[in-house]
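Values in this document were obtained by computation on a predicted structure and should not be read as measured data. Counting convention: from 1, in listed order, for ligands and their atoms alike. Along the sequence shown, residues are numbered consecutively beginning with 1.
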Amino acid sequence: MQTLAGAAVLSCEQEKAKRTCDDEEDEALKELQEMSKAWLTSTLTRLATVAASVLILVVAIAIGMSEEIQNDLKNIAREVPLPRTLASYDQHHAEQDDQVKFPVDFTVHFNGDGLGDGMSASSRDWTGIDPLIRAACDEMEEVLEFASYDNETMARICEPTRGARLFTPGGKRVRSFADVPANGTRIYLVPQGLQFVFPLGKVGTEIVATNVVSPLADKVVKLRQLTESPRVFSLENFISDEEIDAILKHNADLVKPSEVGFSGWRDSTRTSSTAWDMHSSASRAVRRRSFDLLGMDFDNDMADALQVLRYNLSEWYKPHLDSFDKKAYDGTVPKVENGTNRFATIFLYLSDVEEGGHTVFPLSTTHEGYNGEKIVHDGTVRSPGYIADKDARWACNTSSTALRSGTRRGSALLFYSQTADGEIDPYSLHGGCPVVKGIKYSANVWVWNRPKPSKSDAKDAGARPAPDLNSIQMHFHNRRAGKVNLFWDDGTEDMIFQAEILPGEMQSMTTYHGHSFVVRDADSKETLHAFTANDKLHKGKQHVEAIEA
Ligand SMILES: O=C(O)CCC(=O)C(=O)O
Ligand SMILES: [Fe+2]
């Protein structure tokens with residue numbers, strides 16, 4: 001795989017090419033460019049970090065700096081996907097802490113280790129957080145696999161200015177001793193290259209996520225540990241009723257059969273339907289909140305769009321890993337050469353299911369009630385006969401010992417597809433059991449450990465079906481001061497709701513000759529705009545339709 005920075009440049013080139021090819025659509029393209037500005041700014045911030053390192057490197061070569069330092073700088077350039085973390089890294093030093101007034105004693109543990117003894121520390125013994133991070137990281141070399149890393153690597157992964165950092169058990173960054181919540185607290189060290197994971201205690205332990213604001217008034221986001229391996233937590237108060245309604249409404253037209261795989265191939269192991277929701281305000285809020293919960297800076301390139309799922313009667317999804325294997329693209333191993341993969345899943349239950357439809361983790365052997373050999377839960381009552389597929393029967397029928405999570409509207413799961421030290425976790429195998437009664441609506445937020453590779457890097461990209469040349473690419477741009485709603489005018493009186501478009505935002509869609517759309521003011525319901533797609537005018541172009549004030 002090309003470097004990720006390379007991928008960003010490549011996609012930027014592709015964007016540029018796309019924008020300069022089409023002379024006739026100047027107006028439209030200007031608008032698209034505007035919409036791309038935000039994206040460009042974030043890409044440029046990232047590229048600026050590479051550029052700075054490269055510049056220093058060039059200067060270093062010019063002034064004859066030692067080879068060792070040059071290599072070091074090359075490494076920084078190579079680590080570019082992480083400087084997001086560095087971007088938010090403040091030079092918070094202990095000078096700012098009134099250590100005399102507030103000395104704190106605590107223990108430092110490796111990422112996610114909620115039970116081990118750890119290293120004792122006191123704010124009195126350190127001149128600041130940074131030296132403590134370096135020392136704790138060095139100390140953990142003995143205990144951890146990092147033992148196999150050479151000194152240079154250790155120095156790199158332990159360096160706070162390169163992303164080594166500390167977290168509270170609730171997932172909040174510890175930037176100074178003042179951030180240590182109380183005497184006796186466990187604090188978690190996350191070396192450069194890794195992401196924070198919530199610590200494991202005993203099964204059933206509750207954690208209040210102090211890094212995230214619940215959308216429910218006066219509520220806190222709570223995690224409850226469901227098992228030890230894989231790392232699975234149930235989540236409460238993470239999504240509001242209003243957000244669920246908005247997501248379901250926005251994605252009401254879930255008609256596309258689900259796709260599985262990196263470049264988006266269909267697969268018979270999933271029978272549900274999906275919609276990808278990148279734009280609705282509820283999906284954006286939930287995706288941002290997911291990054292907060294994970295202790296990560298929000299980065300659009302490190303998450304997939306919200307994937308909304310609908311399972312009808314008897315539909316299911318075979319046990320699988322959410323991470324991709326090496327058949328999907330190069331660089332799937334998070335720990336090696338800045339590899340990237342899906343890191344954590346936040347799975348949202350958007351409806352109550354009367355029977356069946358639970359999520360199962362067949363490889364968990366450490367959950368409540370597991371006794372290793374026989375039935376530990378009632379499974380899917382009408383199984384096994386009801387469940388036709390043996391893969392689903394194995395995980396979902398009454399004799400399955402799998403950990404399972406119920407499907408209660410408003411609840412959610414957090415599980416990690418990678419271990420605390422950056423390996424793919426094979427125990428994170430999970431699936432969605434057949435729905436026996438009712439309809440199951442749910443959604444995936446997938447967060448990656450580093451920016452995602454481009455889909456053009458997918459190894460099965462070549463095998464994708466040819467693009468539909470008859471379709472028309474539309475972008476509705478709301479230039480008004482208020483929200484508008486977009487409807488597909490299918491000839492019925494009610495029309496079919498497509499999307500809410502916020503002021504200044506653009507809603508993209510694929511449509512066909514003759515299809516008509518109507519835009520209404522979201523509050524007054526007044527019709528503001530009508531549009532009919534026309535092959536002669538719009539086919540083969542990126543057409544922007546402006547909704548004027
Ligand atoms: O439906 C479920 O409970 C699980 C779905 C799932 O694992 C997925 O969509 O990747
Ligand atoms: Fe999954």
Decide whether [X] and [Y] meet the rule of one side-chain donor and one side-chain acceptor closer than 3.5 Å.
{"X": "D322", "Y": "T345", "answer": "yes"}
{"X": "S281", "Y": "E500", "answer": "yes"}
{"X": "D277", "Y": "S283", "answer": "yes"}

*Sequence neighbours left out, what passes ring pair (Phe, Tyr, Trp, His ring centres under 6.0 Å) with F487? Give chain and number order.*
F497
*Would you mind telling me which of V445, V447, I346 makes a side-chain contact (heavy atoms from CB on, under 4.5 Å) with R287?*
V445
*F167 pairs by side-chain contact (heavy atoms from CB on, under 4.5 Å) with which of V174, L189, N211, V190?*
V190
*Check each protein residue for a heavy atom under 4.0 Å from ligand 1 and list those that pass, ordered by chain and number.*
R270, L309, Y311, Y317, H320, D322, F347, T359, H430, G432, K440, N444, W446
*Picking from Y416, Y317, F415, W316, what satisfies ring pair (Phe, Tyr, Trp, His ring centres under 6.0 Å) with H430?*
F415
*Is a side-chain donor or acceptor of N237 paired with a backbone partner of K222 at a separation under 3.5 angstrom?*
no
*Apply side chain to side chain contact (heavy atoms under 4.5 Å, CB included) to T359 and list each qualifying residue two or more places apart in sequence or on a separate chain.*
F347, Y349, F361, S405, L413, K440
*Leaving out waters, which are not shown anyway, how many protein N, O or S atoms lie closer than 2.8 Å to the Fe ion (ligand 2)?*
3
